[in-house]
Protein chains: 2
Amino acid sequence: MGITKSEHFTDEQNELAVLAKAIGHPARIAIIQHLIKVNSCVCGDIVNELPLAQPTVSQHLKELKNAGLIRGNFEGNAICYCLNEEGFNKIKGFFQHITSYLENKKNQCC
Amino acid sequence: MGITKSEHFTDEQNELAVLAKAIGHPARIAIIQHLIKVNSCVCGDIVNELPLAQPTVSQHLKELKNAGLIRGNFEGNAICYCLNEEGFNKIKGFFQHITSYLENKKNQCC
DNA sequence: TATTTATATCGTAATATTGCAATATAAATA
DNA sequence: TATTTATATTGCAATATTACGATATAAATA
């Protein structure tokens with residue numbers, strides 16, 4: 001059916017999935033890495049960085065923004081993008097949970 | 001066209017994307033959370049936990065396994081699953097990088 | 001060995017994602 | 001105000017994902 005049964009999962013599970021899914025594309029990883037490198041930049045810079053057409057980059061930026069992972073502010077007729085701490089904080093806790101679990105358990109399976 | 005242009009991105013970007021994408025579904029988040037809770041369990045337990053049919057759960061387990069996030073060992077005629085530290089370590093570094101960047105930068109955008 | 005139990009695979013329908021050309025929008029500038 | 005510059009949106013084709021019934025496989029057990 002192709003439709004995820006979101007209503008059967010908890011809000012937390014759905015939120016984490018939305019965040020991870022947004023990160024789960026190499027172009028969006030590249031955008032995040034570039035924003036870390038230059039701190040903030042206008043959309044056109046990202047178009048020049050990536051091997052993708054402008055509408056495609058715009059779409060990836062939109063998805064990152066919808067997930068709460070980046071922010072965009074108008075700066076003249078351009079839009080300045082940067083990472084959004086809020087989104088990353090939400091998923092950070094999940095990975096810290098996993099990490100501390102994995103550190104404490106015996107490293108054998110079953 | 002629906003096909004990701006993986007060949008235009010770095011190996012690291014593609015690897016991170018594969019891992020994040022595998023995590024990016026509520027059912028797979030639920031599986032990871034359950035494995036943390038019970039340490040390890042057979043597939044049937046997960047089928048009972050999730051609101052999904054057995055073939056669907058099997059498919060999600062396969063994706064997590066392919067991404068290197070879980071392992072499965074035969075245990076009689078059942079298969080015992082648990083988290084795979086290796087996969088989570090790969091993505092851990094990425095989030096630590098982001099976290100330390102966000103902690104050090106001024107919290108304003110552009 | 002026939003049956004049961006546990007899991008995987010196949011096939012398929014419904015939906016989502018990716019990518020881009022064409023076009024729209026909106027601010028800056030000539 | 002007409003043009004340029006920067007970004008978003010629309011529409012569409014190609015591909016991927018999600019879900020599950022039916023079925024296959026493989027170990028355990030009667």
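It should be emphasised that the depicted structure is a prediction, and the values quoted were computed from it without experimental measurement. The chains referred to below are lettered A, B, ... by the order of the sequence lines, with proteins before strands, and numbering in each begins at 1.
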Both distances under 3.5 Å, Watson-Crick or G-U wobble: on that basis, could you give the dot-bracket string for DNA chain C, with [ ] for crossing pairs and | for other-strand partners? ||||||||||||||||||||||||||||||
Step by step, would you call B:Y81 with B:K65 a side chain to side chain contact (heavy atoms under 4.5 Å, CB included)? CA-CA 9 Å; B:Y81 284 101; B:K65 207 166 119 192; 4.1 Å; yes
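Between A:Q59 atom CD and D:dA6 atom P there is a gap of 21 Å when expressed in whole angstrom units. For B:E63 and C:dT7, the CD to P distance is 18 Å, given to the nearest whole Å. Look at CZ on A:F74: it is 14 Å from C1' on D:dT5, rounded to the nearest Å. Atom CG in A:N77 sits roughly 15 Å away from atom C1' in C:dA24 (whole-Å rounding). A straight line from CG of A:N73 to P of C:dA27 spans 15 Å, rounded to a whole angstrom. Nucleotide D:dT9 holds its P atom 10 Å from the CG atom of A:N66, rounded to whole Å. B:L52 has its CG atom 11 Å from the P atom of D:dT18, to the nearest Å.
Within the structure, every side-chain polar atom (N or O) of A:K62 is placed at least 4.0 Å from both OP1 and OP2 of D:dT7. Taking 4.0 angstrom as the limit, B:T56 places none of its side-chain polar atoms (N or O) nearer than this to OP1 or OP2 of D:dT18. For D:dA19, the OP1/OP2 oxygens have a side-chain nitrogen or oxygen of B:H60 closer than 4.0 Å. For C:dT17, neither phosphate oxygen OP1 nor OP2 lies less than 4.0 angstrom from any side-chain nitrogen or oxygen of B:K21. Between B:S58 and C:dA8 there is a side-chain N or O to OP1 or OP2 distance below 4.0 Å. For the pair B:Y81 and C:dA8, the criterion of a side-chain N or O lying under 4.0 Å from OP1 or OP2 is met.
Each of A:L35 and A:V42 belongs to its own hydrophobic cluster when Ile, Leu, Val, Met, Phe, Trp and Tyr are linked at side-chain heavy-atom distances under 4.5 angstrom. Linking ILVMFWY residues whenever their side-chain heavy atoms come closer than 4.5 Å, directly or via other members, places A:Y101 and B:L69 in the same cluster.
Side-chain to base pairing of B:Q54 with C:dA8: one donor and one acceptor N or O lie within less than 3.5 Å of each other.
If you check D:dC20, C:dC20, C:dT7 against the side chain of B:I79, the one that comes closest is C:dT7.
B:H8 NE2: more than 12 foreign heavy atoms inside a 6.0 Å radius.
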Listed pairs under 3.5 Å, donor-acceptor, residues 44-63 of chain B side chains, sequence neighbours left out:
residue: B:N48; atom: ND2; partner: B:G44; partner atom: O; Å: 3.4
residue: B:H60; atom: ND1; partner: B:R28; partner atom: NH1; Å: 2.9
residue: B:E63; atom: OE1; partner: B:R28; partner atom: NH1; Å: 3.1

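The CG atom of B:L64 lies 5.0 Å from the CD1 atom of B:I70; values are rounded to the nearest 0.5 Å. Between the OG1 atom of B:T4 and the CG atom of B:N14 there is a distance of 8.5 Å, given to the nearest 0.5 Å.
Looking at which nucleotide of DNA chain D each of B:A53 and A:D45 is closest to, the 5′-most match is held by A:D45.
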